[in-house]
2 protein chains.
Amino acid sequence: MTEKDKQTEEKIFEAATEVFEEKGMDGARMQDIADRAGINKALLHYYYRTKDHLFETVFQLLAGKMLRKFAPVFEKDLTLEEKIRFFFQQHITFMQENPRLPSFVLNEINRNPDRIKKLLKNVDFKKLWMKIEEQHKDELEKYNITIDNIPQIMSTIAAISVFPFAARGILEGIFENLGVEFDTYIEERKGFAADFVIGALQSRKASK
Amino acid sequence: MTEKDKQTEEKIFEAATEVFEEKGMDGARMQDIADRAGINKALLHYYYRTKDHLFETVFQLLAGKMLRKFAPVFEKDLTLEEKIRFFFQQHITFMQENPRLPSFVLNEINRNPDRIKKLLKNVDFKKLWMKIEEQHKDELEKYNITIDNIPQIMSTIAAISVFPFAARGILEGIFENLGVEFDTYIEERKGFAADFVIGALQSRKASK
DNA sequence: ATATAGTTTAACTAATTGGTCAAATATATA
DNA sequence: TATATATTTGACCAATTAGTTAAACTATAT
């Protein structure tokens, strides 16, 4: 009972994830989700009352999963440069396994910005910054990283990691023209991104 | 006649642009577009037979406009570093004026990758590379930029420019937490992005 | 075995939505 | 002015879609 129950609920969740990632909230059809889960539409509504409810459940879990991928970086006992390498390695690998996730999450947040608030309400960014500050005091000074420029730097790191997946359609279109494989490009990117960012940070030594 | 004709067609196009950018193809409603254009739904269908036709018209024009913004960079007679500064300045300013465009275009291409082919079929990237190569031979050598790493470098530049708009919802959510204004962040970004990329490229001198 | 509670289904409903049509109105042309 | 042509409208249609319902089925506990 509980066994079968979980099986069905799990099947629904996986099917819904697929369909929502492919088609988005508006493009997704409950019938399509039911079909992929191998069940009947009424059963779908039995488990998740409405499409909105199902979407919200799927979205919050997926978006949370994606955002949490940023967290372990702050915990590890590594130098700043090692952390940057570690981050790109982990984050890009995660997106290789969930290639549609970034585009889906970004888009649905843009379409309804309130959704992000629920996810971020437990995160205290000021505290996070203080943590980094005491962990990497001298490195931050060396690279001239301050609370004032951290939004630019962090968003740049995120951009370099996430953008290839968010813009996959365009990149694949261009790469086709050039004879480049997207998968190869992504594999290379883990190292390239780290080198690029570390290089840029090192060049900041001079300033200040 | 032709006057009023153009007025109506223009009004429809503008309304459709707004609605499609906000809601996407699937979320957009013909009634909503008609309302915003101040006309009747039947008239909408009189000018653009179907929703698909209207969408395709709007999409091709907007996406083309966005992609063409990358072009002038290759024409100008500037040093490579000047070109990088010029690009971020121009491109980010353009997106300030069309803030929903990047997310819209990226998303609709991911949802239907064939759309990009029509846009790129007249662009010869190999030729473009050869052009850059002869314009900036020594600079490319100095920064160790080759045909092999150009996809990584170009996509990184695009990422740094486009990502803030594609991820605007999330960034605004985080910035709120930090007391940072998105508009200020974007204004700063024009310079920051150029410095960051040039710094990263300069650090590549050593390699090779 | 049988009563009970949870599970699954086929058939149905109500609302939304893209698209049509015939009639009305404005505009240009002869 | 009269006629043809282009534009605009309100009312309508057919298809799709989220959600409901009542009945059938299954497993478990007594």
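Protein chains get the first letters and strands the later ones, always in sequence-line order, with residue 1 at the start of each.
Along DNA chain D, the nucleotide closest to A/Asp26 and the one closest to B/Leu43 are compared, and the more 5′ of them pairs with B/Leu43.
Side chain of A/Thr50, nearest nucleotide from C/dG18, D/dT8, D/dG19: D/dG19. Of the candidates C/dA10, D/dT8, C/dG18, the closest approach to any side-chain atom of A/Ala42 belongs to C/dA10. Set against C/dG18, D/dA18, C/dT9, the side chain of A/Asn40 has C/dT9 as its closest nucleotide.
Using a 4.0 Å cut-off between a side-chain N of Lys or Arg and a carboxylate O of Asp or Glu, A/Lys51 and A/Glu56 do not qualify as a salt bridge. For the pair B/Asp195 and B/Arg85, the salt-bridge criterion is met [side-chain N within less than 4.0 Å of a carboxylate O].
At least one side-chain heavy atom of B/Leu54 sits under 4.5 Å from a side-chain heavy atom of B/Ile33.
Not one side-chain nitrogen or oxygen of B/Tyr46 sits closer than 4.0 Å to the OP1 or OP2 atom of D/dT9. Within the 4.0 Å cut-off from OP1 or OP2 of C/dG18, at least one side-chain nitrogen or oxygen of B/Arg29 is found. Here A/Thr8 reaches the OP1 or OP2 of C/dT8: one of its side-chain N or O atoms lies under 4.0 Å away.
If you measure from atom CE of A/Met30 to atom P of C/dT16, you get 17 Å, rounded to the nearest angstrom. Following rounding to the nearest Å, B/Leu54 (CG) and C/dT17 (C1') show an atom-to-atom distance of 15 Å. As a whole-Å value, the separation of A/Asp35 CG from C/dT8 P is 16 Å. Computed from coordinates, the B/Tyr48 OH to C/dG18 P distance equals 17 Å when rounded to whole Å. Atom pair A/Gln7:CD and C/dT8:C1' shows a separation of 15 Å (rounding to whole Å applied). Taking atom CD1 on A/Ile12 and atom P on C/dT9, their separation rounds to 10 Å, with Å as the unit. Look at CD on B/Gln31: it is 11 Å from P on D/dG10, rounded to the nearest Å. Rounded to whole Å, atom C1' of C/dG6 lies 19 Å from atom NE2 of A/His45.
Residue side chain A/Lys41 reaches the base of D/dG19 through a donor-acceptor N/O pair under 3.5 Å, judged by distance alone.
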Derivation of the side-chain contact (heavy atoms from CB on, under 4.5 Å) call for A/Ser161 and A/Met95: CA-CA 9 Å; A/Ser161 191; A/Met95 289 186 295; 3.5 Å; yes
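Sparse packing is recorded around CD of A/Glu181, with 12 or fewer heavy atoms of other residues, nucleotides or ligands lying under 6.0 Å away.
At a threshold of 4.0 angstrom between heavy atoms, the contacts of A/Ala28 are confined to the sugar-phosphate backbone, with no base atom among them.
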